Amino acid sequence: MTRLAEGQPYYHPVPGTTWKDYYYKLPEFDQQVLELFADWDKPQISELWTKLKTNSDLEIATDGSVKNSRGTFGIVVSTEDRVRILEMSGIVQGWNPSSYRAELFGALVLSLVCHHLQVYQQDLDAFKCQIYIDNKSVVNVSNKIQNKQTLEQMLN
């Protein structure tokens, strides 16, 4: 679940909460990551969630790069027959970005988007998709997280 801020309880949206109310109660970092969705309303969020849940042939690609000391990421969600459901991109936060961090940041953003859509919709069932990430190190970290390895296990 989502934390409001350090030391505050987890936030569970009550039925009828607007997306904007949910969004503005998120931690600052999460708001920055989800800025693309800041002005969406509940029908738009519900429609996106329905598309993610009902398409069994989803393909998601994330990418990251660094140019002139500026890191960027991009995410594309589409169906197998190339119908785009969502596109988003942004700046990688932090000082002195690397290609690895940019790739990892794209994967993190994807995870946060999916997490907050699930929490807001109060539907914690997973949806099926094929995720494409072209950085083996990021894939390895993602697999370790999915397998619920501890930080100590991940570092060894």
Side-chain angles (χ1 to χ4, degrees), residues 1-5 8-65 71-94 97 99-149 154:
M1 293 296 151
T2 305
R3 279 198 177 277
L4 288 172
Q8 292 184 343
Y10 288 107
Y11 175 59
H12 301 271
V14 295
T17 300
T18 67
W19 171 256
K20 287 181 184 180
D21 287 342
Y22 176 78
Y23 174 84
Y24 287 109
K25 289 182 180 175
L26 294 175
E28 183 180 348
F29 176 80
D30 292 36
Q31 286 182 28
Q32 290 171 356
V33 167
L34 297 172
E35 188 174 11
L36 169 72
F37 305 101
D39 293 326
W40 285 32
D41 56 22
K42 186 170 183 153
Q44 288 172 297
I45 295 296
S46 296
E47 179 183 353
L48 174 59
W49 184 243
T50 299
K51 286 178 181 178
L52 292 173
K53 292 282 290 193
T54 59
N55 282 287
S56 60
D57 60 347
L58 282 180
E59 295 183 347
I60 302 175
T62 69
D63 200 10
S65 65
T72 58
F73 72 91
I75 299 170
V76 176
V77 180
S78 61
T79 61
E80 193 173 47
D81 55 353
R82 309 250 189 258
V83 175
R84 296 246 169 122
I85 294 174
L86 176 68
E87 290 180 58
M88 64 184 298
S89 61
I91 304 299
V92 174
Q93 297 181 12
S99 177
Y100 172 73
R101 277 193 33 222
E103 295 274 355
L104 198 55
F105 198 81
L108 170 67
V109 169
L110 174 62
S111 295
L112 279 174
V113 167
C114 292
H115 169 77
H116 286 300
L117 288 173
Q118 286 179 303
V119 171
Y120 179 72
Q121 291 295 119
Q122 298 180 355
D123 181 355
L124 300 182
D125 292 335
F127 59 89
K128 294 182 179 181
C129 64
Q130 183 70 39
I131 300 175
Y132 297 93
I133 299 173
D134 64 358
N135 184 305
K136 183 162 177 37
S137 296
V138 173
V139 171
N140 290 341
V141 168
S142 298
N143 287 337
K144 288 178 180 183
I145 291 170
Q146 284 181 349
N147 293 328
K148 301 188 185 325
Q149 291 186 358
M154 289 174 62

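Because the structure is predicted, anything quoted here is derived from the model rather than measured.
Put simply, the side chain of Thr79 gets close to the backbone of Val83: a donor and an acceptor are under 3.5 Å apart. The closest donor-acceptor contact from the side chain of Tyr132 to the backbone of Glu59 lies at 3.5 Å or more, if one exists at all.
Asp134 CG to Ser65 OG: the interatomic distance, rounded to the nearest 0.5 Å, is 10.0 Å. Interatomic distance, CG of Leu58 versus NZ of Lys53, reported as 11.5 Å (0.5 Å rounding). In this structure, the separation between CD on Gln121 and OG1 on Thr50 is 7.0 Å, given to the nearest 0.5 Å. Taken from OG in Ser89 to CD1 in Ile75, the straight-line distance is 9.0 Å, to the nearest 0.5 Å. If you take NZ on Lys25 and CG on Asp30, they are separated by 15.0 Å, rounding to the nearest 0.5 Å. Taken from CZ in Arg84 to NZ in Lys51, the straight-line distance is 13.5 Å, to the nearest 0.5 Å.
Looking at Asp63 and Phe73, their side chains never come closer than 4.5 Å, going by heavy atoms from C-beta outward. A heavy-atom distance below 4.5 Å is not found between the side chains of Leu48 and Val77. Taking 4.5 Å as the limit, some side-chain heavy atom of Leu86 sits within range of a side-chain heavy atom of Leu36. Residues Asp21 and Tyr23 form no side-chain contact, since every pair of their non-hydrogen atoms from C-beta on lies 4.5 Å or further apart.
When the ring-ring contact (aromatic ring centres under 6.0 Å, His included) test is applied to Trp40, the partners found at least two apart in sequence or on another chain are Phe37.
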- With side chain to side chain contact (heavy atoms under 4.5 Å, CB included) as the test, would you mind laying out the steps for Gln130 and Ile60 before giving the verdict? CA-CA 6 Å; Gln130 183 70 39; Ile60 302 175; over 6 Å; no

- Query: Between Lys20 and Asp41, is a side chain to side chain contact (heavy atoms under 4.5 Å, CB included) present by the stated rule, with each step listed?
  - Reply: CA-CA 7 Å; Lys20 287 181 184 180; Asp41 56 22; 5.9 Å; no

- Message: Assess the residue pair Trp49 and Asp123 against the criterion (side chain to side chain donor-acceptor pair (under 3.5 Å)); give the C-alpha distance rounded to whole Å, side-chain angles, the decisive distance to 0.1 Å, and a yes or no.
- Response: CA-CA 9 Å; Trp49 184 243; Asp123 181 355; 3.1 Å; yes

- Please step through side chain to side chain contact (heavy atoms under 4.5 Å, CB included) for the pair Lys42 and Thr18, ending with a clear verdict. CA-CA 6 Å; Lys42 186 170 183 153; Thr18 67; 6.0 Å; no

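Within 6.0 Å of the CD atom in Gln32, the count of heavy atoms belonging to other residues, nucleotides or ligands exceeds 12.
The aromatic ring centres of Tyr22 and His116 sit less than 6.0 Å apart.
Across every non-hydrogen atom of Ala38 and Tyr24, the tightest pair is CB-OH, 4.4 Å.
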Please list, one pair per line, the donor and acceptor atoms closer than 3.5 Å that link side chains of residues 100-107 to other protein atoms, with sequence neighbours excluded.
residue	atom	partner	partner atom	Å
Arg101	NH1	Trp95	O	2.9
Arg101	NH1	Asn96	O	3.2
Arg101	NH2	Gln93	O	2.9

